[in-house]
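In what follows, chains carry the letters A, B, and so on, assigned in the order in which the sequence lines appear, proteins first and then strands, with residues in each chain numbered from 1.
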Amino acid sequence: MNDFENIAKTYDPKQVEDRTYDKWLKKGYFHADIDESKAPYTIVIPPPNITGQLHMGHALDNTLQDILIRWKRMQGFCTLWLPGTDHASIATEARIVEAMSEEGLTKDDIGREAFLKRAWEWKKLYGGRIVEQLKKIGCSCDWERERFTMDEGLSDAVREVFIKLYNKKLIYRGERIINWCPKCCTSISDAEVEFEEHEGHFWHIKYPVKDSDEFIVVATTRPETMLGDTAVAVNPDDERYTKLIGKTVILPLMNREIPIIADEYVDKEFGTGAVKITPAHDPNDFEVGMRHKLEQIRVMNDDATMNEKAGQYQGFDRYDARAKIIKDLNELGLLDKIAGHTHNVGTCYRCNTVIEPIMSKQWFVHMKPLAKPAIEYVKNGTIKFVPDRFSKIYYNWMENIQDWCISRQLWWGHRIPAYYCLECGETIVSAEKPELCPKCKSSKIEQDEDTLDTWFSSALWPFSTLGWPKDTEDLRYFYPTNVLVTAYDIIFFWVARMIFSGIENMGREPFKYVFIHGIIRDPQGKKMSKSLGNGIDPLEIIDGYGTDALRFALVSGNSPGNDQRFSVEKVESSRNFANKIWNASRFVLMNFDENPDFSAIDGKKFEMADKWILSRLNTLIKEVTENMGKFELGIALQKVYEFIWDEFCDWYIEFVKPRLYDRENESRPEAQYVLNHVLANSMKLLHPYMPFITEEIYGHLVTDDESIMIAKWPEYNDKFVFKSDEESMQLIMDAIRNIRNIRAEMNVPVSKPAKLIFVSENKKQQETLKAGASLFQRLAGASETIVQGDKDGIPVDAVSSIISGAEIYIPLEDLIDVKKEIERLEKEKANLQKEINRADGKLNNEGFTAKAPKSVIDEEKAKKEKYKIMFKKVEERLASLKK
RNA sequence: GGGAGCUUAGCUCAGCUGGGAGAGCACCUGCCUUACAAGCAGGGGGUCGUAGGUUCGAGCCCUACAGUUCCCACCA
C-alpha cells in the first residue's frame with residue numbers, strides 16, 4: 001500500500017484539466033515542426049466566426065478532429081491541426097451596427113474608415129473568446145499557426161485568386177437578379193437563402209386590353225412588383241390567349257402600355273395561364289425579358305421601400321405598398337379574386353428577413369468550368385466523403401450549380417480589388433490601386449465599394465493558412481490536408497467551394513477525406529437554437545461533468561453523418577465511466593510497491609488470467625485501430641469502454657486481488673506488471689477520446705513517456721496471442737457466472753460458502769478448473785473445489801448446472817427443493833432440445849450443407865455436438881434426481 | 001417536383017463485408033464485499049415499421065407501401 005490509498009474516490013476534472021492543458025502547451029506538444037522523416041497528417045479547423053460562442057456543434061466537430069489528430073500524433077505522424085477564425089462579414093458587421101445604434105450612430109454617420117477601426121477593435125476584444133473555449137474542450141491545435149481570414153497573408157490570397165479568376169474570365173461583373181436582404185442591406189448568394197413555407201395569397205388581377213372591353217387576368221403573390229411590369233406573357237400554345245398575343249394591355253395603376261407576349265416559360269395549367277412579367281424583380285421574368293428585349297424597371301430601393309419608379313406608391317414599404325395596391329385595385333374593380341396560396345418564400349439565413357429578388361450589378365463567379373473538375377475529383381475517389389452517401393448530395397448540388405454572387409454591400413471583409421476609372425469607365429482589376437487609368441491615363445480612379453462574400457476567403461482556407469500564394473515550406477509539406485471534419489449542413493457553403501478552389505489554385509485536392517457528422521439536437525430532437533432557447537452550453541456541461549465526459553457523450557453510440565440528441569443523462573453515464581477508470585487506477589496504484597520496477601518481470605510466470613487479458617488487449621488494439629482507420633470512432637470507443645469496464649475491471653482486477661494482497665505470492669510482481677501494462681495501453685487507446693483523465697492516470701503509471709500525448713500508439717503483436725488461455729479463462733468465467741446464477745435463483749448469496757464439485761472427463765479442463773479454485777472461492781463462494789472425472793459420490797441433493805464441457809454440482813443440503821430442481825432442469829433440457837433442433841434443421845438442409853462455407857457448417861456441427869452432450873448430462877442428472 | 005436519412009427493448013441509440021439480436025438509461029431482486037453505491041452480482045423485456053422478393057440463411061441486399069425527419073428545386 002502507498003499514498004494512492006488516500007486519493008479522492010471520485011475523479012475531479014477541475015483538478016486536472018486546466019493544469020494538464022497548460023502543461024501540454026508549455027511542452028509544445030501541439031506545435032508541428034516539419035519533419036521530413038515523418039509523414040504529415042494535417043487538418044485545418046473549420047474556422048469559427050469571431051462573433052461565435054462555443055456551442056454543442058463546435059464541441060462535437062472539434063472533439064472529432066482532436067481525436068483524429070491525437071491518434072495520428074501517437075502513431076508517429078507529423079501532425080498539424082491548424083486553427084483559426086473567420087471574420088464572418090455579415091454576422092460581425094450586423095453586431096457592430098447594432099452596437100453603434102445603441103449610441104445612436106449609423107454606418108454612414110461614421111464612414112468606412114472609422115467603421116473598420118471599430119470592427120477591428122471588436123475583433124480584438126471578442127475574436128479570441130471562441131479560441132479560449134476551444135482550449136477548454138482539449139483541442140490540441142498548433143496555436144502558433146493560428147490564422148484569421150483577414151490576416152495580411154490570407155488577404156493576399158483572396159486578391160490573388162480574384163485577379164486570377166478575373167483574368168481567366170471566371171469572375172465577371174454583371175447586372176442580374178440577385179437575392180437582396182433589405183435588413184442586412186446586401187446581396188447574398190443562392191446558398192444563403194433559406195426557403196420557408198408561408199401562408200400567402202394569390203391575387204388575380206385584371207389587366208385591361210387596350211382598345212377593347214377585354215381583360216387578361218394575371219395571378220401574383222407579390223402584387224407590388226406589378227408597378228415594374230413590362231409585359232404579360234402567355235404560352236404560345238394556349239388557345240385561350242392566341243388572339244391576344246401581340247396586343248397591348250394597360251398596366252393598371254401605372255397606366256403604362258405593355259405588350260402581351262408569347263413564351264414557353266408560361267405553364268398553361270398554372271394560375272390563369274397569363275403571367276405578369278417584371279424583369280427587374282424576378283429571375284424567371286428577367287430571363288423572359290432578355291429573350292423579348294423588355295425594359296427592366298426596378299421599383300424598389302435597397303431598404304425595400306418603393307422608389308420613384310413606383311409612382312404614387314413611392315416611399316411606401318413593400319408590404320404597405322402591397323396592401324395599398326390591393327385596396328386600390330379593388331376600388332377600380334380590377335381585383336378578380338384572392339385565393340389562398342401556400343408557397344415558399346426565400347429568407348436571409350442570417351437575419352431571417354424575406355429576401356427580395358432584385359436586379360443589381362454584382363460580381364459573379366462563373367461556376368460551370370470550376371464545378372467540372374470538382375465533380376471529377378470525388379467521382380474518381382481522390383476525395384472521399386465519409387459516409388459515402390454525402391457524395392450524392394454534393395454531386396446533386398455541383399451538377400446544377402448556378403453562378404456565385406460574391407459581392408456584398410458590406411464594409412467588413414475583403415474589399416474587391418477592382419478599380420473604376422471615373423473618366424472613361426474602364427474597369428481595372430489589380431492588387432494595388434493603379435496610378436493612372438491604362439486606357440485614358442486619367443488619375444481619377446476609385447476602388448469598388450463592395451467586399452467579398454465571407455465564403456470566398458474561407459474557400460481558400462486549406463492553402464491560404466499554409467502561406468499561399470507564397471511557396472512556403474508549410475505549404476509544400478502539409479498540403480493537401482488529410483481530412484476535413486464538418487457537419488453536413490455546411491457542404492455547399494464551404495466544402496464544395498474549398499474543393500474547386502483547391503483544384504483551381506493548387507492543382508490538387510484540398511483534402512483526401514471529408515468526414516461528415518450530424519447535428520446535435522436537444523433531448524426532444526429539436527435543433528438547438530438561440531431563438532428557441534433550447535441550447536445546452538457545452539461549457540456548463542464541462543463545468544459540471546468535465547471535458548472528458550462531454551467528449552465521451554458526444555462520440556459514443558453515434559455513427560458518422562447521423563444526428564444525435566444530447567441528454568444530460570448520457571453525460572452522467574460518461575462521467576461515471578471516467579470515475580470507473582479513476583478508481584480502477586487507484587486500485588492498481590495502491591497495490592504497487594514503493595518504487596515499482598518491472599525490469600525483472602518474467603513472462604514465464606504469467607498466469608492464465610494474465611495471458612487472457614494480454615491476449616484480449618491485443619485483440620482490442622487491432623480492432624480499435626481498424627475502426628478508427630475507417631472513421632468508426634463510436635464503435636472504437638465502445639470497444640475500449642467494454643474492455644476496460646467489463647473485462648479489465650469486472651474480471652481481471654477481481655482475478656488478481658489475491659495475488660496482490662499476498663505479498664509473498666510469487667507471481668505478485670507479474671500481476672502488478674500486467675495491471676500496469678494493460679491499464680497504460682488502455683489509457684493510450686482512450687486518450688484521443690478522453691485526453692485529460694488518461695494523461696493524469698498515465699502520469700502515475702510506470703512508463704518511459706513524459707506524456708501520453710506523445711506516447712506510441714499500441715500495436716497488435718503476434719507474441720500476445722494466447723488462444724488456449726483465453727479458452728480456459730472462458731471456461732472459468734462461464735462457471736462462475738453459472739454458479740452465481742444458480743445461487744441467485746436459489747437465494748443463496750455468495751457470502752454463504754458452499755462446496756463445489758466439477759465433473760469433467762477432459763484432462764485440460766480438469767486442470768483449468770483446479771487452477772481456478774481460488775477464483776471460485778473468491779468469486780463464486782466456493783468453500784472447497786473438487787474436480788473429478790466421474791459422478792461418483794455426487795449427493796442427490798446438489799444443485800447442478802451443465803456448462804459446455806463440465807458439470808457443476810453444489811451440494812446445498814437442506815436448502816435444495818428437489819421438485820424445484822427437477823423443474824429447473826426440465827426447463828434447461830427443453831432449451832437444449834430447442835438448440836439441437838435448430839442445429840439439426842440447418843444441418844439437414846441440403847442447401848445449407850451444399851452452399852454454406854465450410855467454417856459455418858463446422859461451427860454448426862460443433863454446436864450440435866456440444867448441445868447433445870449437455871443434453872445427455874442433463875438427462876442423466878434428471879434421472880438420478882427422480883430416483 | 002427531385003433526392004437522402006430514419007423506423008431495432010419503456011426511453012436514447014449501436015449493430016463493421018448477410019451466418020444464433022446489443023449498450024446506456026429506466027425497471028425488478030439481492031448486496032455499504034478493504035478500487036469504485038457515480039458501485040457490485042443477478043434478472044425481466046424486442047415476430048428489428050408493413051408486405052413481397054433474392055439467398056441454404058436477411059435487422060443487414062432488392063422492390064413496393066406506410067410513418068417520420070431533412071436537403072435541393074421554387075409555378076409566376
Legend entry - Footprint string (nucleotides 36-49 of chain B, 5' to 3'): B base within contact, S backbone only, - free, heavy atoms under 4.0 Å: B-BSSSSS------

Please tabulate the protein-to-nucleotide N/O contacts below 3.5 Å involving nucleotides 9-12 of chain B, giving atom names and distances.
| from | atom 1 | to | atom 2 | distance (Å) |
| --- | --- | --- | --- | --- |
| U12(B) | O3' | Arg565(A) | NE | 3.4 |

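- Within the structure, the salt bridge (charged side-chain N to carboxylate O under 4.0 Å, His left out) test picks out the following pairs touching residues 554-582 of chain A (sequence neighbours left out): Arg521(A)-Asp563(A).
- The side-chain contact (heavy atoms from CB on, under 4.5 Å) test applied to Pro283(A) returns Ile177(A), Pro357(A), not counting sequence neighbours.
- The side chain of Asn562(A) contributes an N or O atom lying less than 4.0 Å from OP1 or OP2 of A14(B).
- Using a 4.0 Å heavy-atom distance criterion, Lys276(A) is classed as making no nucleic acid contact.
- Every stem involving RNA chain B, taken as at least 3 paired positions in a row under the Watson-Crick or G-U wobble test at 3.5 Å, is listed here: B:1-7 with B:66-72, B:10-13 with B:22-25, B:27-31 with B:39-43, B:49-53 with B:61-65.
- Every residue meeting the side-chain contact (heavy atoms from CB on, under 4.5 Å) condition with Glu196(A), not counting sequence neighbours, appears here in chain and number order: His198(A), Thr347(A), Asn352(A).
- To the nearest angstrom, P of A14(B) lies 14 Å from CG of Leu554(A).
- If you check every strand for non-hydrogen atoms under 4.0 Å, Tyr867(A) touches a base.
- If you check every strand for non-hydrogen atoms under 4.0 Å, Asn845(A) touches sugar and phosphate atoms only.
- Residue Gly557(A) is in sugar-phosphate contact alone, with no base atom involved, counting any heavy-atom pair closer than 4.0 Å across all strands shown.
- Looking at heavy-atom distances under 4.0 Å, Ile491(A) makes no contact with the nucleic acid at all.
- Ring-plane geometry between Phe577(A) and Trp645(A) is classed as parallel, the angle between the planes falling under 30 degrees on a 0 to 90 degree scale with a further cut at 60.
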Inset, instruction - Using the side-chain hydrogen bond (donor to acceptor under 3.5 Å, both in side chains) rule, take Tyr207(A) and Asp229(A) through it: C-alpha gap first, then chi angles, then the decisive distance, then the call. - result: CA-CA 11 Å; Tyr207(A) 284 16; Asp229(A) 282 3; 2.6 Å; yes

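- The aromatic rings of Phe515(A) and Phe631(A) are tilted relative to each other, their planes meeting at an angle between 30° and 60°.
- Using a 4.0 Å heavy-atom distance criterion, His204(A) is classed as making no nucleic acid contact.
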